[in-house]
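These notes are about the structure you will find just below.
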Amino acid sequence: MAEAEGEVEWELCKENIQPLRRGRAISALHQALSQQQEGTTSAVNQQKQAYELELRMYDGDDPLDVWDRYIKWIEQTYPQGGKESGLTVLLERAVMKFTEEKKYHNDSRYVDLWIKFTETCSDPLDVYRYMQAQGIGTMQASFYIAWSEEYEKRGNSRMADSIFQEGLKCGAEPLDRLQQFHKALQARVCRQMMTSMNDQETDDELSEPQRASLAELKAKGKKKAVAPVNRVTRTVGYARGLQFKQPVGPSHNSRLVIFDENKEDSEPQELKLESWAAPPTAKAKENEQKPDKWTNAKLPQKSRFGHSVVAPPPKPTFQPFVEESDQPPVVTPCKINPAVNTVLSARKPRHEEQTPLKRLQERQQHMQVQQEDEDKSGEKSMYCKELLFSGVTEFSFEELRAERYRQKCSQRLEAASSEANSKEEPHASQKD
Amino acid sequence: MSKTLQGITLKGSAELVAEFFSFGINSILYQRGIYPAETFSRVTKYDMSLQLTTDPKLKNYLTNVVTQLKEWLFDCTVQKLVVVITCLETNEVLERWQFDIECDKTAKESSAPREKSMKAIQEEIRSVIRQITATVTFLPLLETACAFDLLIYTDKDLEVPEQWEESGPQLIDQSEEVRLRSFTTTIHKVNSMVAYKRTNSM
């Protein structure tokens with residue numbers, strides 16, 4: 001009967017359980033949900049503390065292992081995710097901790113952590129490009145699969161495909177998995193094209209009568225010569241179209257050309273071009289200056305974009321951020337960015353201010369700067385800062401010292417017991 | 001069937017249960033993405049909207065199975081129905097939806113209808129299908145293209161029809177099992193369960 005209750009429990013909470021790629025262990029889920037009702041129990045806290053300690057005290061040659069286990073445990077223990085799980089922070093720290101460790105760069109565990117981290121970012125594509133630039137996961141099939149999925153999610157199947165090509169070229173492992181996903185993608189794209197072609201046909205049929213209902217006769221057939229039956233509806237279509245588009249002269253033509261499918265394709269592509277130029281130079285520079293100011297400068301921009309869809313004045317203020325002089329003054333790039341921004345700001349303004357990627361880059365710079373500073377001013381933190389701030393919680397010196405003491409004690413005990421053993425042995429031999 | 005307010009007969013029960021499987025299997029195929037979502041269309045059944053396949057071949061196959069199943073339900077010779085989901089490439093079993101059917105064989109002798117309202121049964125069926133839908137919260141993502149297979153466990157002495165063949169149980173090793181709700185028509189009782197590959201992360 002208890003089991004049956006547990007079942008009801010997961011079903012009731014289904015909206016608050018984040019689905020995991022690998023699924024959930026049902027026992028862990030039951031446990032987590034029952035604990036949730038009672039409030040966080042000391043058992044969970046103890047376990048968490050144990051992981052935190054292990055992160056700090058580990059001195060083997062595979063420190064990633066602890067992080068990996070800790071994160072997986074968190075995922076299963078906090079089914080609803082959220083802030084109290086500290087997963088985002090933990091992922092970020094884990095990922096950053098080993099950016100310099102070349103030996104982990106193509107470790108599947110580390111790459112998986114990166115992919116999980118990427119999913120929490122507001123700009124996953126940038127992160128993937130960053131990973132590629134750093135050579136993280138470039139030999140792992142999962143990296144290319146995740147990257148390609150991200151493109152596919154945005155409807156850019158061409159880029160999604162080329163990511164797979166890239167992966168195949170690099171000889172990522174396991175190859176058969178990569179090929180399998182590549183094939184699946186191609187199959188999906190084919191099917192999509194078939195359906196969209198059908199849709200387009202039905203769209204045309206649908207949209208033309210609609211325009212006809214707002215009839216206004218104006219003969220103005222630019223696009224192509226059409227049969228007389230169609231002419232009435234076509235010209236009316238133009239009249240309507242012109243009314244809408246009149247303020248935006250130049251984009252009028254492009255609008256005619258763009259079909260749904262192409263639009264989807266072209267938008268991310270432009271985004272891609274833009275950000276290829278951006279991350280190495282613009283973003284890095286911008287972050288070198290004080291991040292506080294930067295956030296202040298950005299927020300009003302965003303709101304202006306949000307309010308007025310096609311407003312020429314915000315464009316100049318926006319462009320310095322991208323630092324791209326050769327960017328054509330078309331409306332499209334603006335259209336993408338505000339959309340992305342508004343969605344993100346609605347979810348979590350904190351992300352907007354400082355994306356994890358930015359923080360990552362910032363941290364690297366910060367470290368460089370710090371080193372320079374240390375060289376210059378001779379300032380140096382003479383305590384193990386790393387140990388205090390590892391993981392998601394902060395440790396005090398006393399806690400660390402207590403743990404060291406405990407370790408020493410247990411070592412002494414072990415030594416004592418082994419000594420006792422060794423004493424016994426000669427005793428036994430004496431008997432013989 | 002809708003007229004049977006006065007009670008449930010064996011024939012009616014067999015039909016009800018067979019119908020449940022028809023919708024249940026369709027739901028699983030849709031929810032787990034075994035067939036593309038575009039090939040399903042929405043229908044209203046049991047006071048909720050469900051997805052039914054429009055793929056002619058699949059439709060045909062399922063109708064055949066359900067018709068056969070109905071016969072067996074009527075004879076009270078069926079014990080289990082299992083939907084096995086396997087990876088297309090490796091043939092590895094990834095998920096196993098098992099429906100245990102308990103038949104009350106006394107219903108074959110006495111034809112007196114049982115008392116249970118249609119509404120109550122539908123309510124139970126609805127909660128089973130709801131739960132099937134809700135399982136996405138813990139089931140692993142099926143990342144690769146998958147195929148499905150239907151297994152039916154019957155009484156031993158049953159003759160195997162032409163379209164059916166004997167098969168292994170296709171179990172998953174190292175599986176995680178979750179019991180789902182059950183429903184009963186008082187003649188047939190259906191217990192459902194899903195098994196999936198255990199996550200190696202724990």
Check: Which atoms of A/Ile26 come close to chain B, meaning under 4.5 Å heavy atom to heavy atom: side chain ones, backbone ones, both, or neither?
Finding: both
Next item on the list: Counting only heavy atoms closer than 4.5 Å, note whether A/Arg191 contacts chain B via side chain, backbone, both or neither.
Entry: side chain
Check: What orientation do A/Trp67 and A/Phe98 show, parallel under 30°, tilted 30 to 60°, or perpendicular over 60°?
Finding: perpendicular
Margin query: Centre-to-centre under 6.0 Å for B/Tyr46 and B/Phe20, is that the case here?
Written below: no
Checklist line | is_close_aromatic(B/Phe21, B/Phe99), centroid dist under 6.0 Å | finding: yes
Note to self: Report which part of B/Glu143 has an atom under 4.5 Å of a heavy atom belonging to chain A: side chain, backbone, both, or neither.
What the structure shows: both
Item checked: Check against side-chain hydrogen bond (donor to acceptor under 3.5 Å, both in side chains), B/Gln98 and B/Asp100 -> CA-CA 6 Å; B/Gln98 181 172 318; B/Asp100 295 314; 2.9 Å; yes
